[in-house]
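Input: a single structure, listed below in C-alpha cells.
These numbers were taken from a predicted model, which means no experiment stands behind them. Letters A, B, ... mirror the listed sequences (proteins, then strands); counts begin at 1.
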Protein chains: 2
Amino acid sequence: MRVRTATDLGAFIRERRVKLAMDQSDLAEKAGTSRKWIVEVEQGKPRAEIGLVLRTLKALGVSLDLAADRAQKTVAAIEPGNVDINNILDSLKKRP
Amino acid sequence: MRVRTATDLGAFIRERRVKLAMDQSDLAEKAGTSRKWIVEVEQGKPRAEIGLVLRTLKALGVSLDLAADRAQKTVAAIEPGNVDINNILDSLKKRP
DNA sequence: ACGAAGAGTAACCGAACGGTGACATATTGT
DNA sequence: ACAATATGTCACCGTTCGGTTACTCTTCGT
C-alpha cells in the first residue's frame with residue numbers, strides 16, 4: 001500500500017492489526033509502546049515518532065520500502081543522454 | 001530500499017537529497033521544516049515525527065510502500081485451507 | 001439481562017520536540 | 001590565500017509528546 005499521509009499509515013496499521021486478530025493492548029505490548037499511542041496512531045496522528053512507528057510495523061510483520069519516483073529526475077539526469085558525472089566525481093572525491 | 005530503522009531512513013534521505021543536488025536548506029524549505037531538523041533526521045533521529053518525514057519524502061519525490069510480510073500469517077490463515085470467516089463476518093457486520 | 005472485552009477519551013507530568021539565530025568547521029571555487 | 005558555500009552544533013523557548021491511570025461507551029458472548 002502506498003502511504004502518503006499519517007492517516008494512510010493509521011488505516012494500514014489498524015487493518016493489519018485486525019487481520020492478525022490482535023487488540024490494541026496486544027499490539028502496544030508487542031511494539032513496546034502504550035495503548036494510548038496505538039489509538040492515536042490509528043487515528044492518523046501526524047506527530048507520532050518514526051521510531052515507534054517502525055517498531056509497530058515490525059510487530060505487525062510489515063515491511064517498509066522507499067523508492068525514488070520515476071517521474072522525478074535528478075538534476076544530472078534532466079539533460080537526456082547525460083552521464084551523471086557529478087555523482088561520479090563526488091564519490092571519487094569522498095575516498096580518502 | 002527496505003527501511004528498518006531511523007538510521008536507514010536518514011541514509012536514504014541524504015542519498016536522495018544529494019542525488020537531486022539539493023543542500024539541506026533547499027530540502028528544509030521544500031519540505032516545510034527547518035534545516036536543523038533535516039540534519040537530525042539524516043543522522044537517524046528516531047523521534048522525528050512522521051508527518052514531517054512524509055512531507056520530506058514527498059519533497060524528494062520518494063514513494064513509501066507498506067507490505068505485509070509473506071512469512072507472517074494472519075491467525076485465520078494459520079490453519080491450512082481455511083476461509084477467513086472472521087473477516088467475512090466482520091465486514092458484513094460493519095454494514096449499516 | 002448480565003458481565004467481559006475492546007475501544008476512545010481525559011488529566012497529569014517529565015521529557016523531548018522542532019524552530020530560530022548564531023557560531024564553528026569543513027569543503028569548494030577562484 | 002581568500003571568499004563563498006555547506007554542514008554540524010549550540011542555547012533558548014514554547015509546544016507537544018508518550019506513559020499512566022481511570023473513566024465512559026459500545027459490542028460481544030452467554
Could you state the atom-to-atom distance from [atom1] of [X] to [atom2] of [N] in whole Å?
X: A/Leu27; N: C/dG6; atom1: CG; atom2: P; result: 13 Å
X: B/Ile38; N: D/dA6; atom1: CD1; atom2: P; result: 15 Å
X: B/Asp26; N: D/dT5; atom1: CG; atom2: P; result: 12 Å
X: B/Leu52; N: D/dT16; atom1: CG; atom2: C1'; result: 13 Å
X: A/Arg55; N: D/dG18; atom1: CZ; atom2: P; result: 11 Å
X: B/Glu42; N: D/dT7; atom1: CD; atom2: C1'; result: 9 Å
X: A/Trp37; N: C/dT9; atom1: CH2; atom2: C1'; result: 18 Å
X: B/Asp23; N: C/dG29; atom1: CG; atom2: P; result: 14 Å

Between atom [atom1] of [X] and atom [atom2] of [Y], what is the distance when rounded to the nearest 0.5 Å?
X: B/Leu20; Y: B/Glu15; atom1: CG; atom2: CD; value: 10.5 Å
X: B/Leu57; Y: B/Leu64; atom1: CG; atom2: CG; value: 6.0 Å
X: B/Ile13; Y: B/Asp8; atom1: CD1; atom2: CG; value: 11.0 Å

Hey, does the side chain of [X] come within less than 4.0 Å of [N]'s phosphate (OP1/OP2), counting only N and O?
X: A/Gln43; N: C/dA7; answer: no
X: A/Arg17; N: C/dA7; answer: yes
X: A/Arg35; N: C/dA5; answer: no

Comparing B/Gln24 with A/Thr33, nearest DNA chain D nucleotide closer to 5' gives the residue B/Gln24
Reading DNA chain D from 5' onward, which residue's closest nucleotide shows up sooner: B/Met22 or B/Glu49?
B/Met22
Let me check the geometry of the helix from C/dA1-D/dT30 to C/dT30-D/dA1. What is the bend angle between the axes at its two ends, five pairs each, to 10°?
60°
Considering only [options], which nucleotide approaches the side chain of [X] most closely?
X: B/Ser34; options: C/dA11, C/dG19, D/dT7; result: C/dG19
X: A/Arg47; options: D/dG19, C/dT20, D/dC17; result: D/dC17
X: A/Lys36; options: D/dG8, C/dG18, D/dG18; result: D/dG18

Residue closer to the 5' end of DNA chain C, A/Ser25 versus B/Lys45 (nearest nucleotide):
A/Ser25
Main-chain N/O of B/Met22 paired with B/Arg17 side-chain donor or acceptor, under 3.5 Å:
yes
Would a 4.5 Å heavy-atom cut-off, applied to side chains only, mark B/Ile50 and A/Glu49 as touching?
no
Considering only heavy atoms from C-beta outward, does the side chain of A/Leu9 approach that of A/Val53 to under 4.5 Å?
yes
Residues in side-chain contact (heavy atoms from CB on, under 4.5 Å) with B/Ser25, at least two apart?
B/Asp23, B/Arg35
